[in-house]
Amino acid sequence: MGLRLYNTLTRKVEDFKPLEEGRVGIYVCGPTVYGHAHLGHGKSYVSFDVLVRYLRYLGYTVDYVQNITDVGHLTDDADAGEDKIGKQAARERKHPMAIAEYYTRSYFEDMDALNCLRPDISPRATGHIPEQIELVQTLIEKGYAYEVNGSVYFDVSKWPSYGRLSGRNVEDMQAGARVDINEEKRHPADFALWKKAEPGHIMQWNSPWGRGYPGWHLECSAMSMKYLGRTIDIHGGGIENQFPHHECEIAQSEAANGVPFVRTWMHHNMVTVDGQKMGKSLNNFITLKQIFSTHTEHKHERLSRKYDPLAVRQLILQSHYRSPIDFSDAALSAAQSGYDKITNTVKSLRKKIEKIPGKIEETPGSEINEYVKSQLQQNREKFETAMNDDLNTSIALSIIFKIATITNEYINYPGPDKVTKSSLLEIDKFFRNLGGNVLGIIKDEYDQQVESDDIKRYELAIDGIIEWRNEARRNKNFVIADKLRGILGSVGIILEDKPDHTSWRLG
RNA sequence: GGCGGCGUACCCAAGCGGCCUAAGGGGACGGUUUGCAAAACCGUUAUCCGUCGGUUCGAAUCCGACCGCCGCCUCCA
């Protein structure tokens, strides 16, 4: 059985089959770059990163497009157009493009840390104004849009299936709608394709309707069409964008092209912090940089320590992408411990491989251990079954843990089974493939020691103290030995005595 | 008011009609190992899945009611 994905459009898990054999086009709604990326971005892009990675693992060629919104999203749909980037630009007294550039770089930096593969194309909205204008023109020509006083609106009454994706109908939405009445619109549900620029609006362009800027749903339609064609296999985004954003995308794209816009709609669920929606006003808004930073002055007050970016990734993968996830210091800390366990295992596995000299064919008893072989085989199948079932990363991850336990058992307590280099390499291959290439929580290389410059400077001293302590241990002077361990421990350095040497790590 | 989701051990979380006397992680406790630790390994930690009814030979899984929580309906990942 192949990959099956939940499709919001049909509310069912369906067999996944791309339009073109062996090739998948994916468009994911990217960030609006007016601030540092937060936990919500983390969940979103890790989720879709795993989708892309798994599709590639299955042998598909994937065209992954994720936009960068550097203009156009206003604070509301009705009018009162305040561009969030413009707002931030005013606050920081910088050019809007400088703001967009700065936070775009910051975003990529954080996504790299989370081990998310870069999209194949990261199109900027401002780089596609002509395409957007063209799309608006098409919609006007086909009678789906109308111009009023320099602004252009999509006529929802011309598109009966509006609301299908989100399970709403235009009438129901009237009652509790918080959208202000806009005099220009023929119907309150009509949405802006192009807005006339008020004199003070910083970002604006020439158009057939005068100076203005694009409406907030338009860029995704224009750019996905340009890079992936009129019908795309998968469109992903946050569940909060189901309505109105994705609904509007469908309407304008299909009205313009006359063909289905998206075959599979995927929506991930939201993030809460300590059980509450994450929001700037609630003081529980946590950026990824605040979690990753070693510098205590940047730390968020709800966090007790810094966490490894890949531990955050692991926490995200521990639950399903369609489930909400609650971040708390306790959850982060538990994920960090679990992440450390896997990392420790992989590190000691690789150390062990290095210690067995020679090429495989020269190593005596180089055959793969039968038990190891069957376990890897079995668990690979389970892993694929889990991932095929709408990306059940929680189970996939549990299989990595299972193999970690088997690995430790095999290395440390081989019993009658001989530890062979081939077996160890086979296990490492499993980790690199499933834990690394697919889940992205196992690195191909781990730094020898800590990256932090502060620690690096003291490495010699640390090694010296360890040497001193081992001399004491050899002389059975355990009082001194324990005292030295205590001193290192008090600055967060934890020692591990191995049969032949002592290693250290930061606790 | 409309739409959607969730409630599983001390915490996180998978399971969505029989393989469940319920994965996996964290924590706690006990053991092996260790000079002692750390790491690792082994074991224990839910006869039960918010509550009450129903459907079924059989339900955590389906249906109904109720209680509690959350999200969307305004930009948001």
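Naming convention: chains lettered A, B, ... in sequence-line order (proteins, then strands); numbering from 1 in each chain. Owing to the predicted nature of the structure, the values given are computational and were not obtained by experimental measurement.
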Please determine, for the side chain of [X], which listed nucleotide ([options]) has the closest atom?
X        : options             : value
A/Arg505 : B/A39, B/G25, B/A77 : B/A39
A/Lys277 : B/A39, B/A13, B/C76 : B/C76
A/Glu240 : B/C42, B/A77, B/A40 : B/A77
A/Lys341 : B/G25, B/C36, B/A77 : B/G25
A/Ile395 : B/A13, B/G15, B/A77 : B/G15
A/Met278 : B/C41, B/C72, B/A77 : B/A77
A/Ala334 : B/G35, B/A77, B/G26 : B/G26
A/Arg168 : B/C36, B/C72, B/G25 : B/C72
A/Leu315 : B/A40, B/A77, B/C12 : B/C12

Mind checking [X] for me? I need base, sugar-phosphate or nothing, with any heavy atom below 4.0 Å counting as a touch.
X        : result
A/Leu397 : nothing
A/Gly40  : base
A/Arg322 : nothing
A/Arg474 : nothing
A/Phe401 : sugar-phosphate
A/Ser348 : nothing
A/Thr345 : nothing
A/Asn412 : sugar-phosphate

Rounding to an integer number of Å, can you tell me how far [X] [atom1] sits from [N] [atom2]?
X        : N     : atom1 : atom2 : result
A/Ile494 : B/C36 : CD1   : C1'   : 16 Å
A/His217 : B/U74 : NE2   : C1'   : 11 Å
A/His245 : B/C72 : NE2   : C1'   : 15 Å
A/Asp340 : B/G24 : CG    : C1'   : 17 Å
A/Gln276 : B/C69 : CD    : C1'   : 12 Å
A/Asp274 : B/C69 : CG    : P     : 17 Å
A/Asp497 : B/A40 : CG    : P     : 15 Å
A/Glu409 : B/C41 : CD    : P     : 8 Å

task = State plainly whether the residues A/Asp49 and A/Arg313 are in salt-bridge range, i.e. N to O under 4.0 Å.
result = yes
query = Under 4.0 Å between a Lys/Arg side-chain N and an Asp/Glu carboxylate O for A/Glu467 and A/Arg474?
reply = yes
Under 4.0 angstrom between [X] side-chain N/O and [N] OP1 or OP2:
X        : N     : value
A/Asn392 : B/G15 : yes
A/Thr32  : B/A77 : yes
A/Asn408 : B/A39 : no
A/Lys498 : B/U33 : no
A/Lys347 : B/A39 : no
A/Ser323 : B/A14 : yes

Can a donor-acceptor pair under 3.5 Å be found between the side-chain atoms of [X] and the base atoms of [N]?
X        : N     : answer
A/Ser394 : B/A23 : yes
A/Tyr45  : B/A77 : no
A/Asp326 : B/C12 : no
A/Asn269 : B/G71 : no
A/His320 : B/A13 : no

Roughly how many Å apart are [M] and [N], using the [atom1] atom of each and rounding to a whole number?
N     : M     : atom1 : value
B/C41 : B/C52 : P     : 40 Å
B/A22 : B/A9  : P     : 14 Å
B/G68 : B/G27 : C1'   : 26 Å
B/A14 : B/C49 : C1'   : 13 Å
B/C67 : B/G50 : C1'   : 8 Å
B/A59 : B/C16 : C1'   : 10 Å
B/G24 : B/C42 : P     : 11 Å
B/C20 : B/G15 : C1'   : 9 Å

inquiry  = Would A/Arg322 and A/Tyr6 count as a cation-pi pair here, with the cationic atom under 6.0 angstrom from the ring centre and within 45° of the axis?
reply    = yes
ask   = With a cut-off of under 6.0 Å to the ring centre and 45° to the axis, is A/Arg4 in cation-pi contact with A/Phe16?
value = no
key: Donor-acceptor under 3.5 Å (A/Thr405 side chain, A/Phe401 main chain)   = yes
ask   = Partners of A/Asp120 by salt bridge (charged side-chain N to carboxylate O under 4.0 Å, His left out), sequence neighbours excluded?
value = A/Arg56
query = Can you list the stems that include RNA chain B, where a stem is three or more consecutive Watson-Crick or G-U pairs with distances under 3.5 Å?
reply = B:1-7 with B:67-73, B:10-12 with B:24-26, B:27-32 with B:40-45, B:50-54 with B:62-66
message = Closest-nucleotide mapping onto RNA chain B: is A/Ser44 or A/Gln318 further toward the 5' terminus? I mean the 5' end.
response = A/Gln318
request  = Report the residue (A/Ser166 or A/Ile239) whose heavy-atom-nearest nucleotide on RNA chain B is the more 5′ of the two.
outcome  = A/Ser166
query = Does any donor atom in the side chain of A/Tyr64 or A/Gln66 lie under 3.5 Å from an acceptor atom in the other side chain?
reply = yes
key: Between OG1 on residue A/Thr10 and CZ on residue A/Arg164, distance to nearest 0.5 Å   = 8.5 Å
ask   = To the nearest 0.5 Å, how far apart are CG in A/Leu424 and CZ in A/Arg350?
value = 12.0 Å
query = Around A/Arg305, counting heavy atoms of other residues, nucleotides and ligands shown, do more than 12 lie under 6.0 Å from its CZ?
reply = yes
request  = Determine whether A/Tyr103 and A/Pro31 make a side-chain contact, defined as any pair of heavy atoms from C-beta on separated by less than 4.5 Å.
outcome  = no
Pair A/Met387-A/Thr393, side-chain contact (heavy atoms from CB on, under 4.5 Å): steps then yes or no = CA-CA 6 Å; A/Met387 290 300 284; A/Thr393 51; 4.1 Å; yes
